[in-house]
Amino acid sequence: MSVIQTIRDKAAWIIIGAIALALIAFIVQDALQGGGGGLFRGNNTTLGKVNGTSIDVRDFEQRYKMAEENYRAQNYPVNDQLRNQIRESLWNEFVEDALMADEYAKLGIAISDKEVGDILYGANPPQMLRQQFTDSTGVYNAQMAYQAIRSLKKNTPQYNSFWGEFVPALEKSRQREKFTSLLGKSMYVPKWLLEKTNAENSQRSSISYVNVPYSSIPDSSIKVTDEDVKEYVEKYKELYKQENERSLVYVTFDAAPSAADSQAVYNTVAAQKDALAAANTPAEVQNVLATNSSETPFFDGYVLSSRMQMSNADTLRQLADGQMMGPYLDGPNYTLAKMIGRRSMPDSVKCRHILVKIADQQGQTRTDSAAKKLIDSIVTAIKGGASFDSMVVKFSDDAGSKDKGGEYEFTSMQFSNLSKEFAEVIFYGNVGDKKVVKVENASYSGYHYIEVLNQKKFETAYKIAYLSRPVVPSDETVNGASGMAAQFAAESRSLKAFDDNANKKKLNKFPAEVKESDFMIMGLGESREIIRWAFNDAKKGSVAEHPYLVGDKYVVPAVTAVSEKGTMSVEKARPLVEYKIRNNKKAENIIKKIGNAATLEAVAQATGQQVLKADSVVFNSNFIPNVGNELKVLGASFNKEYQAKVSPPIKGEIGVFVIKVDNISAVPNPNFDAKAQQAAMQQQMGTMIGYRAIEIMKKSADIKDNRIKFF
C-alpha cells in the first residue's frame with residue numbers, strides 16, 4: 001500500500017523506470033524470442049558488428065530475458081509486438097554503446113559517483129522517481145527517495161534491477177546529453193550570412209515566361225531502354241541505394257471463427273445462465289466464473305457510474321439487483337452480466353493510517369500476537385489524547401507516509417490496487433470512521449489503524465459479475481483452413497504453379513516488400529517467421545513448403561524478387577526513374593524546337609504556347625503562383641541578366657521554361673535583428689545537430705546486422 005512497500009516488495013518504480021528510460025533515452029526496440037534451444041547457429045554467436053566490435057548474442061539474450069521478466073512482473077502482456085519492441089530497442093542500445101564508448105572516452109565524457117547522486121536526488125530527478133517520491137505539497141522528496149534506495153538489500157532482484165539496469169541507463173542518458181550539448185555549443189552562424197540571407201529573402205520578382213509542358217509530347221513517342229535506366233541510376237547512385245529486400249506474394253486461408261463457431265460459444269455461455277443466477281455470494285459467483293474459465297474475472301467491488309465506459313452501460317445500469325443480461329457480444333466475447341448490487345460511493349478519499357507489519361518479503365518482523373497487541377496499544381493511546389502524527393513517526397512501518405502524518409489520497413480507480421480490507425474501510429465507510437483491519441497479501445501482512453478524513457464526489461456505483469467466453473474457431477474450422485493451405489503449398493512448388501493454382505482456386509494474391517529488420521507485413525501484421533524464411537531459406541521463385549499461421553489466417557508466401565544491399569537494379573529502379581528519363585528526352589526535343597528564338601514571343605510561336613506572367617515571386621518561397629514547385633525557375637527569376645534578354649531553356653519539373661525578368665524589388669524588414677537571429681539560429685542548429693549527430697554516426701559506421709539469422 002505504501003510507497004516504501006512498493007520499493008521493498010515489488011520495486012515497481014525501479015522496473016518501470018528502467019524500461020521507460022531505455023525506451024525513451026535510446027529509442028530502443030528488440031531482443032531474443034524464447035530460450036536458447038536452436039538459437040545459436042553452429043558456433044557463431046555474433047549477432048552483429050559495429051566498426052569491428054562484436055555484439056554477442058548471449059549477452060543480448062541475457063539482457064532480453066531481464067527486460068521481458070521486468071515486463072511480466074508488471075503484468076504487461078508479453079506478446080509478439082512487445083517482444084519485437086524490446087528486441088529493436090536492445091539492438092539500438094547495443095549499437096549505440098559500441099559506437100559511442102570510444103567517443104566518450106576520447107572526449108573525457110564520464111559520470112562520477114557524485115553526479116549519479118545529483119541525477120537521483122538533485123533538482124531534476126528521473127520522472128519515475130519524481131512520480132513515486134513527490135509529497136502532498138507537490139515537491140520531490142529527495143530524502144525519502146534516498147532512504148528507499150538505501151533500504152534495497154544487495155543481491156535481491158530489486159537491488160540488481162536498480163543498480164544493474166536503471167542507474168546505468170541514467171548514466172548513459174547523461175553521457176548522451178553531454179555529448180549532444182558539446183556538439184550543439186560548437187555551432188556558429190556568421191552575422192554576415194544572416195544579413196545576406198535577410199537581404200535575399202526580402203526580394204520580390206515579376207517575370208514573363210513560356211512553359212512548354214512535357215504532356216504536350218505523347219509518352220508513347222519516347223522509348224526508355226534498360227541502358228537509359230542503368231545510366232541514370234549510375235549517375236545518381238546515392239539516390240537509389242537499397243537495403244536487403246525481398247518482394248513477396250502471398251495467399252491466405254481464413255481460419256477465423258465461423259457462424260457455427262460463434263453460435264456454439266453463445267450456447268455455451270447461455271447454458272450457464274441458471275448457475276450464475278443462483279450464485280448469491282461473492283464466493284459462489286467466483287466459483288461459477290472460474291469453473292467456466294471466464295475471460296473477465298470477478299471484481300468484488302463497485303464501479304462508479306461515470307467509470308462504466310462500455311457501449312451498453314446504460315442498459316446495465318437499469319438492471320435490478322440479481323437481474324441478468326445476455327448473452328450479448330462484447331468485443332470478441334459472448335458475455336452474461338448479473339447485477340450484484342449498487343451503492344453510493346465517493347470518487348476520491350483522504351485518509352491516514354498506521355501500519356504495524358507482521359511480515360513482508362524480507363522476512364518476519366514480529367508475531368501476529370505482538371503486532372495485534374502493538375496496534376491495540378496505539379489505538380488506546382490515540383483515544384487517550386496522543387497525537388496521531390507522533391504515533392505515525394514512532395510506530396508506523398510505512399516509511400513512505402511517515403513525513404505526511406500517515407496521510408494518503410486515493411481515487412476510485414485505485415480501489416483494485418489496494419488491499420481489499422483497506423479499500424472497503426475508506427470507500428465504503430463514512431468520514432470520521434476509525435477502524436483496525438488485518439491485511440494479508442503476497443507483499444506483506446499486518447494491521448492497519450485507519451481514519452477516514454474526507455470523501456468527495458459521491459455517485460452511484462455498481463457491482464456487476466461478467467461471465468464471458470471468447471469467440472474462437474473450432475478445431476474443424478482451423479483444421480479445414482490449415483489443410484487447404486498445406487495442400488496449396490504442396491501443389492505450388494514453383495512460382496508459375498503458385499500463380500496457376502491461385503487463379504484456379506480464385507484466391508487473391510497480395511504483394512509485399514520486406515526488409516531484414518521488418519517484423520510486420522502490411523495487411524498481415526506480425527510476420528517475422530515469414531520474413532526469416534524469405535531471407536534465410538528462400539531464393540527468387542521459392543514457394544514456402546508449409547503455410548504460416550498469422551493471426552487467424554494461414555499464409556502461403558512466395559519470393560518474386562531478391563534485392564541485395566547496394567545500388568538498385570534496373571528492374572527495381574525503372575518505376576522510380578522512367579518518367580524522369582522520359583521527361584529529359586522530351587526536354588531535349590522541346591529545346592530543339594525552341595532553337596535560337598531570342599524573344600518570348602518567338603518561343604511561344606515556335607512551340608505553340610502562350611506568354612504568361614507571374615507577379616510577386618518570393619525569393620525564400622518554394623512555390624511560384626500558377627506555376628508550382630519549380631526551383632530552377634525560381635532561381636532564374638532573380639538573375640538580373642535576364643532583365644535584358646530571355647533565359648536559355650530551363651528544364652523544370654513539369655515542362656521546359658523560358659523566362660524574362662520584368663522587375664526585381666525588395667520589401668524592407670524593419671524588425672530584423674541580426675544579433676537576436678544569430679543567437680536563435682545557433683541554438684536551433686545546435687539542438688538539431690546535437691541530437692542528429694549520433695544518428696549520422698550510425699549511418700556512416702560499418703554496421704553488420706545478423707539478427708535475421710537468430711530471430
- Item | Side-chain donor/acceptor of Lys178 to backbone N/O of Ala110, under 3.5 Å | yes
- Message: Rounded at 0.5 Å granularity, tell me how far OH in Tyr444 sits from OG1 in Thr365.
- Response: 12.0 Å
- Task: Verify, without hydrogens or angle tests, whether Lys402 (side chain) and Val393 (backbone) share a donor-acceptor contact under 3.5 angstrom.
- Result: yes
- Item | Any Glu243 side-chain heavy atom under 4.5 Å of Glu516 side chain | no
- Side-chain contact, heavy-atom cut-off 4.5 Å: Leu248 with Ile531? no
- Check the angle between the aromatic planes of Tyr548 and His546 and answer parallel, tilted or perpendicular using the 30° and 60° thresholds. tilted
- So, the side chain of Ser527 versus the backbone of Gly525: is there a donor-acceptor pair under 3.5 Å, distance only? yes
- Under a 4.5 Å cut-off applied to non-hydrogen side-chain atoms, are Arg174 and Glu171 in contact? no
- Donor-acceptor contact present, side-chain Glu68 to main-chain Val78, <3.5 Å: no
- Would you say the side chain of Ile530 lies within less than 4.5 Å of the side chain of Arg532, judging by non-hydrogen atoms? no
- Query: If you take all heavy atoms of Phe427 and Pro346, which pair is closest and at what distance?
  - Reply: O-CD, 3.3 Å
- Within 45° cone of Phe388 ring axis and under 6.0 Å: Arg352 NZ or CZ: yes
- Message: Using 30° and 60° as the class boundaries, would you call the ring planes of Phe422 and His353 parallel, tilted or perpendicular?
- Response: perpendicular
- Item | Ion pair Lys350/Glu407, N-O distance below 4.0 Å | yes
- Task: Run the salt-bridge test on Lys699 and Glu695 with the 4.0 Å N-O cut-off and return the result as yes or no.
- Result: no
- Query: Heavy atoms, side chains only, cut-off 4.5 Å: are Val50 and Asp702 in contact?
  - Reply: no
- Would you check if the side chain of Asn536 reaches a backbone N or O of Ile708 as a donor-acceptor pair within less than 3.5 Å? yes
- Would you find a donor on one side and an acceptor on the other, under 3.5 Å apart, between the side chain of Asn454 and the backbone of Val349? no
- In Å, rounded to the nearest 0.5 Å, how long is the span from OG1 of Thr53 to CG of Leu99? 9.0 Å
- Query: What are the two closest heavy atoms between Phe299 and Ser416, and how far apart are they?
  - Reply: CE1-CB, 3.9 Å
- Message: Checking the side chain of Ser151 only, and the main-chain atoms of Ala148 only, is there a donor and an acceptor separated by less than 3.5 Å?
- Response: yes
- Flag the pair Leu194 / Val189 as yes when at least one side-chain heavy-atom distance between them is below 4.5 Å, and no otherwise. yes
- Message: So does Ala169 get a backbone contact from the side chain of Ser173, meaning a donor-acceptor N/O pair under 3.5 Å?
- Response: no
- Of the non-hydrogen atoms in Val392 and Ser401, which two are nearest, and what is the gap between them? CG1-O, 4.1 Å
- Audit row: Asp368, Tyr447, side-chain hydrogen bond (donor to acceptor under 3.5 Å, both in side chains) steps and yes/no: CA-CA 9 Å; Asp368 188 302; Tyr447 290 91; 2.8 Å; yes
- Task: For the pair Asp398 and Lys404, find out whether any cationic side-chain nitrogen is under 4.0 Å from an anionic carboxylate oxygen.
- Result: no
- Message: If we ignore hydrogens and angles and just use 3.5 Å, is the side chain of Arg246 paired with the main-chain N or O of Lys515 as donor and acceptor?
- Response: no
- Item | Nearest heavy atoms of Asn333 and Pro470, plus distance in Å | OD1-CA, 3.1 Å
- Query: Is Asp97 paired with Lys172 through a side-chain N to carboxylate O contact shorter than 4.0 Å?
  - Reply: yes
- Salt bridge between Lys65 and Glu69, side-chain N to carboxylate O under 4.0 Å? no
- In plain terms, say whether Glu526 and Arg528 are close enough for a salt bridge, that is, a side-chain N and a carboxylate O under 4.0 Å apart. no
- Message: Can you tell whether the side chains of Glu96 and Arg176 come within less than 4.0 Å, N to carboxylate O?
- Response: yes
- Please report the shortest heavy-atom distance between Ile354 and Ile375, naming the atom on each side. O-CD1, 3.9 Å
- Task: Ignoring hydrogens and angles, tell me if any N or O in the side chain of Ser294 forms a donor-acceptor pair with the backbone of Thr296 under 3.5 Å.
- Result: yes
- Query: Does some side-chain heavy atom of Ile450 sit less than 4.5 Å from a side-chain heavy atom of Val437?
  - Reply: yes
- Could you check if a side-chain atom of Phe711 sits within less than 4.5 angstrom of a side-chain atom of Arg707, using non-hydrogen atoms only? yes
